[in-house]
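Report on the structure given below.
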Amino acid sequence: MGYMQDKVFVREITPRAQDYSQWYVDVATRAELMDYSPVKGCMVFRPYGFGIWERIQGALDPKFKATGHANAYFPLFIPESFLKKEAEHFAGFVPEVAWVTHGGGEELAERLAIRPTSEAMICHMYARWIQSWRDLPMLLNQWCNVVRWEKATRPFLRTTEFLWQEGHTCHATEEEAERETLQMLDIYRETFEEDLALAVVPGRKTEAEKFAGALRTYTVEALMSDGKALQAGTSHNLGQFFARVFDILYLDRDGQQKHVWQTSWGVSTRLIGALIMVHGDDRGLVLPPRVAPLQAVIVPIAPQRQRQEVLEAVRQLHADLAGRFRVKLDDREEHSPGWKFNEWEMRGVPVRIELGPRDLAAGRVVMVRRDDGAREEVALAEVARRLAELLDEVQAALRRKAWTFTEQHTRIVGDSSSFRSTLEECRGLLVAGWCGDAGCEARVKADTGATIRCLPLAGAKTPVAEACREAAGAPCVHCGRRGGQVVVFGRAY
RNA sequence: CGGGGCGUAGCGCAGUUUGGCAGCGCGCCUGCUUUGGGAGCAGGAGGUCCCGGGUUCAAAUCCCGGCGCCCCGACCA
């Protein structure tokens with residue numbers, strides 16, 4: 001029996017074309033990535049969903065370490081007075097802060113903010129720890145939760161509490177801070193491409209879109225299958241803004257007290273949302289093998305008469321594979337093989353291995369890819385070798401597919417009159433000239449809902465690179481002035 | 001914060017218009033038969049009809065107030 005793309009076996013997932021938002025929620029819940037909790041906007045990461053986050057951590061953390069960063073952990077609670085120090089910067093996110101007013105049954109003398117981010121706490125500590133140029137660079141990262149009281153929440157994409165990593169570094173010079181900022185951006189890009197199989201556009205944010213208080217904000221943008229862009233990770237050159245506010249000073253070789261130059265960079269569990277939306281299809285989740293909690297599932301077809309032989313064979317196979325792959329043997333008796341096929345496809349397991357009486361007799365298994373449904377027979381002795389290849393092939397295919405999709409949903413737009421219609425038609429990214437004026441940027445946003453996702457980095461190999469080359473020298477899409485630059489517009493999450 | 005939709009068994013829903021025994025499908029439990037794309041039969045368990053008032057002989061249903069969830073928009077380091 002074939003894969004039968006068109007046949008609907010399971011009706012638990014709303015088709016994307018019918019209701020994309022509902023499809024997204026269906027996949028997130030039915031695949032058992034998450035569940036809603038009794039507290040608004042706070043979701044539970046179920047083991048399967050948390051497993052993806054663990055894989056993402058597993059891909060990023062060694063790269064942080066390899067570039068000299070160490071992990072640390074700072075407190076969840078931040079005294080109100082700390083946040084007031086950065087009043088200007090803080091004012092912007094006051095509405096999103098959750099406060100602790102009581103402890104041990106008594107009202108606190110000073111309210112404590114639950115961190116929306118850790119700049120204030122970490123900078124306070126940096127001021128104590130950094131005295132001399134010899135203390136630099138200071139390269140720390142922390143994996144933690146943060147809370148932002150959002151009005152509208154969506155699983156993974158925007159939740160009240162979420163998990164992330166925040167890197168915070170201090171440097172002696174602006175140049176070194178800039179190098180660090182770009183280095184971490186590139187680590188994100190590389191990991192998104194190689195492990196998450198995403199097609200991404202690294203670039204710089206405009207003044208309007210950058211992190212308040214940062215000198216420059218860099219981003220890695222990815223296009224979702226509904227045509228909206230997602231900011232998948234950011235890296236900020238903070239300049240000396242926080243160093244001045246928190247008095248982070250060092251005595252330089254020349255005997256002068258100087259403020260440090262800082263960076264911060266982060267990715268969050270929002271990346272799981274990106275995985276769902278970039279790779280998923282109408283049958284459910286599709287996970288890239290490198291971040292999939294389960295890379296393969298073994299489904300025995302064990303009719304009564306050959307039950308023992310089949311079970312013995314799949315147990316042996318599972319034992320052979322378990323050391324090298326994240327593999328599960330689904331030998332539950334309460335479900336039929338067909339039920340399991342659908343279930344594991346819905347949950348995005350990259351490869352399924354079937355073994356039944358016919359296979360046993362022939363000394364082989366049937367292997368089926370989740371991404372394209374291709375099936376093949378493989379000799380038992382070859383399963384491990386072939387599985388390794390298949391996982392690589394699936395990984396590469398997903399990455400290629402995401403790349404092609406982004407390429408095909410990118411258009412060059414020359415003037416504002418055709419902006420909206422082109423955006424509707426291509427359902428993706430628009431490459432256009434921009435004079436650099438914030439007014440033009442705001443006007444386009446007000447007229448079309450599209451924002452400048454980024455000013456793409458020159459020379460980067462991206463799915464929009466060709467369009468950017470073609471559009472080079474184009475006049476501003478809003479005012480027609482020349483001499484600006486090429487930017488990427490899109491509607492964003 | 002604005003617009004829309006919805007709250008009835010674990011999940012999906014019907015019942016609400018016109019008040020009158022709390023229902024259906026899936027799932028769950030037990031047994032038997034089954035197993036190559038969500039198996040069949042038989043038996044069974046499971047309810048604060050979102051919450052609080054009111055009207056009534058009688059409220060899931062009508063009236064008043066509140067809460068929550070989902071989607072869209074605005075906002076968002």
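In what follows, chains are A, B, ... by sequence order, proteins preceding strands, each numbered from 1.
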Which of the following nucleotides, [options], is nearest to the side chain of [X]?
X: A:Glu345; options: B:rC1, B:rU35, B:rG37; answer: B:rG37
X: A:Pro303; options: B:rG36, B:rC71, B:rU35; answer: B:rU35
X: A:Glu150; options: B:rC76, B:rC71, B:rU34; answer: B:rC76
X: A:Ala152; options: B:rU35, B:rG73, B:rG37; answer: B:rG73
X: A:Glu96; options: B:rU35, B:rG37, B:rC76; answer: B:rC76
X: A:Arg154; options: B:rC76, B:rC72, B:rG37; answer: B:rC72
X: A:Gln22; options: B:rC70, B:rG37, B:rC75; answer: B:rC70

Just how far is it from atom OG1 of A:Thr181 to atom CZ of A:Arg204, taken to the nearest 0.5 Å? 12.0 Å

Look up atom OG1 in A:Thr217 and atom NE2 in A:His236, then write down how far apart they are to the nearest 0.5 Å. 4.5 Å

Starting at atom [atom1] of [X], determine the distance to atom [atom2] of [N], rounded to an integer number of angstrom.
X: A:Lys445; N: B:rG73; atom1: NZ; atom2: P; answer: 13 Å
X: A:Arg305; N: B:rU35; atom1: CZ; atom2: C1'; answer: 13 Å
X: A:Asp359; N: B:rG36; atom1: CG; atom2: C1'; answer: 8 Å
X: A:Asn342; N: B:rU35; atom1: CG; atom2: C1'; answer: 15 Å
X: A:Ile13; N: B:rC26; atom1: CD1; atom2: P; answer: 20 Å
X: A:Ile301; N: B:rG37; atom1: CD1; atom2: P; answer: 8 Å
X: A:Trp23; N: B:rC72; atom1: CH2; atom2: P; answer: 13 Å

Between the protein and nucleotides 8-13 of chain B, list the N/O to N/O atom pairs that are separated by less than 3.5 angstrom.
unit_1: B:rC11; atom_1: O2'; unit_2: A:Arg30; atom_2: NH2; d: 3.2

Could you please spell out the steps behind the salt bridge (charged side-chain N to carboxylate O under 4.0 Å, His left out) verdict for A:Arg16 and A:Asp226? CA-CA 9 Å; A:Arg16 280 182 295 182; A:Asp226 66 342; over 6 Å; no

For the residue pair A:Gln240 and A:Val260, establish whether any side-chain heavy-atom pair is separated by less than 4.5 Å. no

Please verify the inter-ring angle class for A:Phe246 with A:Phe242; under 30° counts as parallel, over 60° as perpendicular, anything in between as tilted. parallel

Any idea how A:Phe74 and A:Trp129 line up, ring-wise: parallel (<30°), tilted (30 to 60°), or perpendicular (>60°)? tilted

The residue, A:Leu355 or A:Gly449, whose nearest nucleotide of RNA chain B is more 5′ is A:Leu355

5′-ward residue of the pair A:Tyr24/A:Gln304 relative to RNA chain B: A:Gln304

With hydrogens left out and only the distance checked, is there a donor-acceptor pair under 3.5 Å joining A:Arg352's side chain and the base of B:rG37? yes

Is A:Arg158 side chain donor-acceptor paired with the B:rC76 base, going by distance under 3.5 Å alone? yes

For [N] and [M], measure between their [atom1] atoms and round to the nearest Å.
N: B:rC6; M: B:rA14; atom1: P; answer: 9 Å
N: B:rA59; M: B:rG19; atom1: P; answer: 13 Å
N: B:rC75; M: B:rC63; atom1: C1'; answer: 37 Å

Strand-adjacent residues in residues 216-232 of chain A, judged by heavy atoms under 4.0 Å from RNA chain B: none

What nitrogen or oxygen pairs link the protein and nucleotides 39-41 of chain B at under 3.5 Å?
unit_1: B:rA39; atom_1: OP1; unit_2: A:Ser336; atom_2: OG; d: 3.3
unit_1: B:rA39; atom_1: OP2; unit_2: A:Ser336; atom_2: OG; d: 2.4

For [X], is the [atom1] atom crowded, meaning more than 12 foreign heavy atoms sit under 6.0 Å from it?
X: A:Arg386; atom1: CZ; answer: yes
X: A:Glu312; atom1: CD; answer: no
X: A:Trp149; atom1: CH2; answer: no

Could you walk me through whether A:Arg491 and A:Glu424 pass the salt bridge (charged side-chain N to carboxylate O under 4.0 Å, His left out) test, one step at a time? CA-CA 10 Å; A:Arg491 290 196 172 122; A:Glu424 294 301 333; 3.3 Å; yes

